[in-house]
Amino acid sequence: MTESQDADVDPRMYEQLKLDRPHGARVYDYFLGGKDNFAIDRQAAEHLLQAFPGFRTAALSNRMWMHRAAKYAAEQGITQFLDIGTGIPTSPNLHEIVQEIVPSAHVVYADNDPIVLAHSRALLVSKPEGRTAYLEADVTDPQAILQSDEVKELIDFSKPVALSIVGVFHYLPDHLKPYDLVRQLVEPLASGSLLIFSHCTPDFAPELWERAMVVYQADGGEAQVRSKEEVTQFFEGTELVEPGVVSPFRWYPDEETQRLVDKGEFTDIMCSLWVGVGRKP
């Protein structure tokens, strides 16, 4: 067991939980103040914070935006949600947001971190009228997600679906063909479906982000941040909902978001994200 490992974790679990390298879901959990992370994740997170102090602010703004985007989708009448790269459950989760508006909504969650699976019970407490499901799957295999029993049972592809891919694709370098992956996921969706998508960007602080990527890769993680133009390409085949691809706090800010903007906590540099919602014609 190395110094970066947790003393109370069975060594046999390290390979199963992939604790030899940081995982995006657990690093994100650490930034949000959660406790479902390990030494390898905390080490990577602290190194990232040293390189770019805005990571906690970015994570918070990203999650608050996800809540607003999910609410928007439900208010548009969408009753089916596919959330890929769910992360470790933190209330309110997506289904809690949308089922307040549409109690009968169906939500399928997917993530590739076994830690998320261990906590997935929190994702399954649906309103009686609705349904939720969780599957352990990887976004790099879209067909495994789309053909899963959970998706087949809960999602009707003849009707609009909200596809939520929030804070995931900056963990996928170009060699994993990220644009092809999004296209495969959007292709079977009915007209009127929404793509809810966010992605870290170096646009506002390139030197800090270059340093952050170097330290994250040195800690064993894979990542690639992208420009506004590159993030906008993920929406190919959809029509962007106003105000388009913007910083998260500029996408229909609610009262709490505006309060953090007014306090100077939410800025382009500190959030360093591009977000958007695209509607499939």
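The basis for the numbers below is simple: all heavy atoms, side chains too, and nothing from hydrogens, waters or symmetry mates. One-based numbering along the sequence shown.
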J.: For E222 and H175, test the side chains for any donor-to-acceptor distance below 3.5 angstrom and give the result as yes or no.
T.: yes

J.: Just so I know, are the side chains of F249 and D268 near enough to count as touching, which here means a heavy-atom distance under 4.5 Å?
T.: yes

J.: Say whether T86 and D111, considering side chains only, have a donor N or O and an acceptor N or O under 3.5 Å apart.
T.: no

J.: Mind checking side chain to side chain donor-acceptor pair (under 3.5 Å) for Q217 and listing every partner two or more places apart, or none if nothing turns up?
T.: none

J.: Ignoring hydrogens and geometry, is there a side-chain-to-backbone donor-acceptor pair from T201 to D203 under 3.5 Å?
T.: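 Pair found, side chain donor or acceptor close to backbone of D203.
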
J.: Using a strict 4.0 Å threshold on nitrogen-to-oxygen distance, state whether D180 and R183 make a salt bridge.
T.: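 A salt bridge is present here (some side-chain N lies under 4.0 Å from a carboxylate O).
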
J.: Check whether the side chains of S198 and N62 place a donor and an acceptor atom closer than 3.5 Å, and report yes or no.
T.: yes

J.: Using the ring of each side chain (for Trp, its six-membered ring), is Y171 parallel, tilted or perpendicular to Y216, with breaks at 30° and 60°?
T.: tilted

J.: Should D174 and R226 count as an ion pair when the cut-off is N to O under 4.0 Å?
T.: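 Salt bridge: yes.
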
J.: Taking only residues two or more places apart in sequence or in another chain, which ones pass side chain to side chain contact (heavy atoms under 4.5 Å, CB included) with Q233?
T.: Y179, E229

J.: Could you tell me whether the side chain of H67 and the main chain of P92 form a donor-acceptor pair under 3.5 Å?
T.: yes

J.: State whether a side-chain donor-acceptor pair under 3.5 Å links E96 with S91.
T.: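 The criterion, which ignores hydrogens and geometry beyond distance, is satisfied for S91 and E96.
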
J.: Please assess H23 against N37 for the test side-chain hydrogen bond (donor to acceptor under 3.5 Å, both in side chains), listing each intermediate value before the final yes or no.
T.: CA-CA 9 Å; H23 190 284; N37 47 72; over 6 Å; no

J.: Is the shortest heavy-atom distance from the side chain of Q80 to the side chain of L154 under 4.5 Å?
T.: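 Counting from C-beta outward, Q80 and L154 never come under 4.5 Å.
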
J.: Are the charged groups of K263 and E265 less than 4.0 angstrom apart, N to O?
T.: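 E265 and K263: salt-bridged.
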
J.: Quick check against the 3.5 Å criterion: does R42 have a side-chain atom that pairs as donor or acceptor with the backbone of Y30?
T.: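 Looks like no, no N/O pair under 3.5 Å.
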
J.: Tell me every residue that passes side chain to side chain contact (heavy atoms under 4.5 Å, CB included) with V246, counting only those two or more places apart in sequence or in another chain.
T.: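 By the side chain to side chain contact (heavy atoms under 4.5 Å, CB included) rule, V246 matches P243, R250, W251, V275.
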
J.: What is the ring orientation for Y109 with H95, classed by angle as parallel under 30°, tilted 30 to 60°, or perpendicular over 60°?
T.: perpendicular

J.: Would E239 and K280 pass as an ion pair if we require N to O under 4.0 Å?
T.: no

J.: Could you state whether V161 and V108 fall into the same hydrophobic cluster, counting links through intermediate Ile, Leu, Val, Met, Phe, Trp or Tyr residues with side-chain heavy atoms under 4.5 angstrom apart?
T.: yes

J.: Between R26 and D36, does at least one N-O distance fall below 4.0 Å, as a salt bridge requires?
T.: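 Salt bridge flag = no for D36 with R26.
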
J.: May I ask you to test the F31-T57 pair for a side-chain heavy-atom distance under 4.5 Å?
T.: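 Of all side-chain heavy-atom pairs linking T57 with F31, none is under 4.5 Å.
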
J.: Could you tell me which residues satisfy side chain to side chain donor-acceptor pair (under 3.5 Å) with R259, sequence neighbours excluded, listed by chain and number?
T.: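 R259 satisfies side chain to side chain donor-acceptor pair (under 3.5 Å) with E256 once adjacent residues are dropped.
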
J.: Checking ring-ring contact (aromatic ring centres under 6.0 Å, His included) between W274 and each of F204, F197, F169, W65, which is the one that passes?
T.: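 Result for ring-ring contact (aromatic ring centres under 6.0 Å, His included) with W274: F204.
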
J.: Can you hop from V186 to L240 via hydrophobic side chains spaced under 4.5 Å?
T.: yes

J.: Would V231 end up clustered with F52 when hydrophobic side chains under 4.5 Å apart are linked, directly or stepwise?
T.: yes

J.: Listed by chain and number, what are the side chain to side chain donor-acceptor pair (under 3.5 Å) partners of T267, not counting sequence neighbours?
T.: none

J.: In terms of heavy-atom contacts, does CD of Q258 have more than 12 from other residues, nucleotides or ligands at under 6.0 Å?
T.: yes

J.: Determine whether the side chains of S104 and R131 contain a donor N or O and an acceptor N or O closer than 3.5 Å.
T.: no

J.: For atom CD of E207, is the number of surrounding heavy atoms from other residues, nucleotides or ligands below 6.0 Å larger than 12?
T.: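 Atom CD in E207 is not packed in, count stays at 12 or less.
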
J.: Y134: which residues meet the side chain to side chain donor-acceptor pair (under 3.5 Å) condition with it, sequence neighbours left out?
T.: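 Side chain to side chain donor-acceptor pair (under 3.5 Å) check on Y134 returns nothing, list empty.
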
J.: At their closest point, which heavy atom of C200 faces which heavy atom of H170, and how far apart are they?
T.: N-ND1, 2.9 Å

